[in-house]
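Below you'll find the structure, written out as structure tokens, and then a few comments.
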Amino acid sequence: MRILVLGGDGYLGWPTALHLSRAGHAVGVVDNFARRQYDYEMGVDSLVPIKHLQHRVRTWKEVSGHTVDAYVGDLTDGPFVKRTIEAFRPDAIVHFAEQRSAPYSMIDQSHAVYTQVNNVVGTLNLLYAIAEVDPSIHLVKLGTMGEYGTPNIDIEEGFIEITHRGRTDVLPYPKQPGSFYHLSKVHDSHNIMFACRIWGLRSTDLNQGIVYGQETPETVLHPDLATRFDYDAVFGTVLNRFCVQAVVGHPITVYGQGGQTRGMLDIRDTLACVELACMNPPDVGEFRVFNQFTESFSVQQLAEMVVDSYPGRAEIVHLDDPRVEKEDHYYRAAHTKLLDLGLVPHLLNSSTLSSLLAVVDHHRDRVDANAFRPTVQWRRTASVLPTSGLLHDGANAQAEEAAREG
Ligand code: NAD
Ligand code: USQ
């Protein structure tokens, strides 16, 4: 197949491109390097050093003999999107290219607007380009399990059968997202579902859980093929962060009670799920949803697993939760569709954690402990409002004090 990977310079996009290329597909990657720019803005860096996209592509050619075409541009630029699809002529497009941090989207008004414009407009441009260039292209879109929130009933895969006043229908599952970022994914899902209905496009919405891990069978072939690994409070995801905290002797920062439960998956399973979706396209006009995670854990369970797996001493601290989220709730989400297509999951166990801790240990000298401290507050009360952008130290201390005082 010809597969175009949007966001191919990112944490998941780059290893997915390599995986698909090694599997024999003709692969192109698209990126505008926004993710590298957020690092400059936040004053943080990937724990694992990463090379420039062009260098990575050259290294992959030397290591594997396979060519990956790179297109540099922004999905919010409609003509660029259309030109790129006309030039590459994909059978499938894997769309990772969005601002993906919930805290980043909650910094202030301008970051919320940026996130929603970047994500929603980028996806809308893509839908128009597919419809106009070749409606048979299969759009594999990265959504998120966080679109559903944490309802007090079982979560289904995209749709739920509802009987109301004696009549029954299968309807989109209700969405209760927890940040302006997660909301952008809900808006995308609606736009994609609508485009499938009116233009006969076909799409798979992969509602992915939180990913952990850094190495994949392809990225380990050469150090210059490494993918990024974020551990800061804005872009670092929970288990990756906890592993870095354990290794450098920083307390593991559980927000609130730690009963927040989320679906999780190994980075290697992201690659497998995306390939399975590409190889098994939906029908013309079909909008389907797969819940892409393999296991669910509470934040407290994750912290305890890291403590148990780390050979040294590691401790857990409970911080006031900077987010507005349920800290103790029911959580059971269906996730059978990818298993039915043949996914064989890598489950989280002490051996997976040990490999991840070893990667972190290898780069421990690059850790900046200042990056662990949560700086973004979901609440907008007078005492926590920042003067501009991120909360400055004084405002953050006030926020912590205000939260302690309830
Ligand atoms: P990432 O930020 O590392 O990668 C996203 C890439 O997209 C970056 O390289 C960025 O520069 C690029 N990009 C962003 N906006 C763009 C635009 N307008 N034009 C062109 N390129 C643009 O993120 P990731 O962790 O690799 O996540 C990839 C996707 O998977 C995201 O859509 C995210 O929402 C979703 N997802 C991630 C996780 C996770 O745990 N990392 C979990 C669930 C879903
Ligand atoms: N958390 C802590 N301590 C920390 C960091 C996080 O307790 O130091 C908690 C958070 O409060 C939250 C949970 O861990 O309850 C998960 O936080 P996260 O930052 O790992 O994940 P999230 O903000 O949900 O976002 C990440 C990705 C996003 C993706 C989402 C999948 O950044 O792109 O969409 O995971 S999901 O959670 O299923 O929506």
Side-chain angles (χ1 to χ4, degrees), residues 5-16 29-38 46 53 71-77 80-81 94-106 114-115 117-119 121-123 125-126 141-150 177-179 181-182 184-185 188 206-213 227-242 245 252-265 267 270 274 291-293 296 298-300 302-303 317-319 321-327 333 372-374 378:
V5 179
L6 313 181
D9 189 48
Y11 169 53
L12 302 177
W14 173 244
T16 301
V29 292
V30 177
D31 212 290
N32 68 346
F33 308 129
R35 180 67 194 82
R36 293 175 186 252
Q37 186 63 35
Y38 310 142
S46 164
L53 179 61
Y71 300 87
V72 177
D74 193 321
L75 294 193
T76 62
D77 173 353
F80 163 76
V81 177
V94 183
H95 179 15
F96 289 102
E98 299 204 325
Q99 191 300 97
R100 70 109 175 117
S101 156
Y104 188 88
S105 75
M106 299 300 290
Y114 164 76
T115 299
V117 169
N118 186 63
N119 297 0
V121 172
T123 299
N125 286 339
L126 189 56
K141 166 68 167 52
L142 270 292
T144 176
M145 283 302 292
E147 290 186 38
Y148 301 116
T150 51
S179 73
Y181 152 70
H182 287 97
S184 75
K185 295 284 192 185
D188 283 342
L206 295 174
N207 280 345
Q208 184 168 243
I210 304 170
V211 183
Y212 57 84
T227 195
R228 56 179 309 119
F229 186 92
D230 302 305
Y231 65 93
D232 61 283
V234 174
F235 275 91
T237 48
V238 63
L239 184 57
N240 290 351
R241 258 167 83 69
F242 287 177
Q245 290 169 336
I252 293 173
T253 54
V254 171
Y255 296 162
Q257 297 176 40
Q260 305 93 308
T261 303
R262 300 289 184 265
M264 314 275 304
L265 72 162
I267 189 170
T270 294
V274 167
N291 289 348
Q292 182 167 310
F293 72 97
S296 41
S298 73
V299 168
Q300 179 70 22
L302 292 172
V317 64
H318 287 260
L319 301 184
D321 195 337
R323 306 185 183 200
V324 177
E325 59 186 352
K326 288 184 200 150
E327 294 174 10
F372 289 135
R373 196 169 57 88
W378 261 229

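Ligands are counted one by one from 1 in listed order, and the atoms in each one are counted from 1 as well.
- Residue T237 has no nitrogen or oxygen atom sitting less than 3.5 Å from a nitrogen or oxygen atom of ligand 2, judged on distance alone.
- Inter-residue side-chain proximity for N125 and L75 is flagged as unmet; no heavy-atom pair is nearer than 4.5 Å.
- A pairwise comparison of heavy atoms in W14 and D9 identifies CB-C, 4.4 Å as the closest pair.
- The closest approach between G263 and ligand 2 stays at or above 4.0 Å for every heavy atom of the residue.
- In terms of protein heavy atoms, atom 36 (S) of ligand 2 is closest to T144 OG1, 3.3 Å.
- Listed by atom number, the atoms of ligand 2 under 4.0 Å from G146 heavy atoms are 36 (S), 38 (O), 39 (O).
- Annotation for ligand 2: atoms under 4.0 Å from non-hydrogen atoms of E325 are 10 (C), 11 (O), 12 (C), 15 (O).
- Residues Y38 and V234 are not in side-chain contact: their nearest non-hydrogen atoms beyond the backbone lie 4.5 Å or more apart.
- Using a 4.5 Å heavy-atom cutoff, the side chains of R241 and Y212 are not in contact.
- Contact check for Y11 versus R228: side-chain heavy atoms found under the 4.5 Å cut-off.
- For atom 32 (O) of ligand 2, the nearest non-hydrogen atom of the protein is R100 NH1, 2.9 Å.
- At a 4.0 Å heavy-atom cut-off, ligand 2 touches V299 through the side chain alone.
- With ligand atoms numbered from 1 in the order given, ligand 2 contributes 24 (O), 39 (O) to contacts under 4.0 Å with heavy atoms of H182.
- Contacts with ligand 2 closer than 4.0 Å are made by side-chain heavy atoms of R262 only, the backbone lying farther away.
- Counting heavy atoms from C-beta on, the side chains of Y104 and T115 come closer than 4.5 Å.
- Within the 4.0 Å heavy-atom shell around ligand 2 one does not find F235.
- The minimum heavy-atom distance between I267 and G213, with the atom names listed, is CG2-C, 3.9 Å.
- Under a 4.0 Å criterion applied to the non-hydrogen atoms of A102, ligand 2 contributes the atoms 23 (O).
- Here the protein heavy atom with the shortest distance to atom 3 (N) of ligand 2 is T253 O, 2.6 Å.
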For this session: Tell me, with the steps shown, if F372 and Y231 meet ring-ring contact (aromatic ring centres under 6.0 Å, His included).
Result: CA-CA 7 Å; F372 289 135; Y231 65 93; 5.7 Å; yes

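- The two atoms that bring T123 and K141 nearest to each other are OG1-CE, 3.6 Å, heavy atoms only.
- Against a heavy-atom cut-off of under 4.0 Å, G209 is close to the following atoms of ligand 2: 31 (C), 38 (O).
- In this structure the side chain of L126 reaches within 4.5 angstrom of the side chain of L6, judged on heavy atoms.
- Between T270 and Q208, the side chains place a donor N or O and an acceptor N or O closer than 3.5 Å (distance only, hydrogens not considered).
- Contacts between M145 and ligand 2, counted as non-hydrogen atom pairs separated by less than 4.0 Å, involve both the backbone and the side chain.
- With hydrogens and angles disregarded, no donor-acceptor distance shorter than 3.5 Å links the side chain of Q37 to the backbone of R35.
- Residue contacts with ligand 2 do not include K185, since none of its heavy atoms lies under 4.0 Å from the ligand.
- At a 3.5 angstrom cut-off on N or O pairs, R323 counts as close to ligand 2.
- Of all atoms in ligand 2, listed by their number and element, those nearer than 4.0 Å to a heavy atom of Q208 are 31 (C), 38 (O).
- The nearest protein atom to atom 37 (O) of ligand 2, hydrogens excluded, is given as I210 CG1, 3.3 Å; this is a heavy-atom distance.
- No side-chain donor from either of E325 and T150 sits under 3.5 Å from a side-chain acceptor of the other.
- Residue contacts with ligand 2 include F242, since one or more of its heavy atoms lies under 4.0 Å from the ligand.
- Note: no N/O pair closer than 3.5 Å links V254 and ligand 2 by distance alone.
- Using a 4.5 Å heavy-atom cutoff, the side chains of R100 and T237 are in contact.
- Of the protein's non-hydrogen atoms, V238 N, 2.7 Å is the one closest to atom 20 (O) of ligand 2.
- Within 4.0 Å of ligand 1, counting heavy atoms only, the contacting residues are G7, D9, G10, Y11, L12, D31, N32, F33, A34, R35, G73, D74, L75, F96, A97, E98, R100, N118, L142, G143, Y181, K185, Q208, G209, I210, V211, R228, T237.
- Among the atoms of Y255, some N or O lies under 3.5 angstrom from an N or O of ligand 2.
- For the pair D74/F80, no side-chain contact is recorded, criterion being any heavy-atom separation below 4.5 Å from C-beta on.
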Exercise. Would Q257 and S298 satisfy side-chain hydrogen bond (donor to acceptor under 3.5 Å, both in side chains), going step by step from the backbone distance to the final call?
Worked result: CA-CA 10 Å; Q257 297 176 40; S298 73; over 6 Å; no

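- Heavy atoms only, all atoms of each residue included: L12 and T16 are closest at O-OG1, 2.6 Å.
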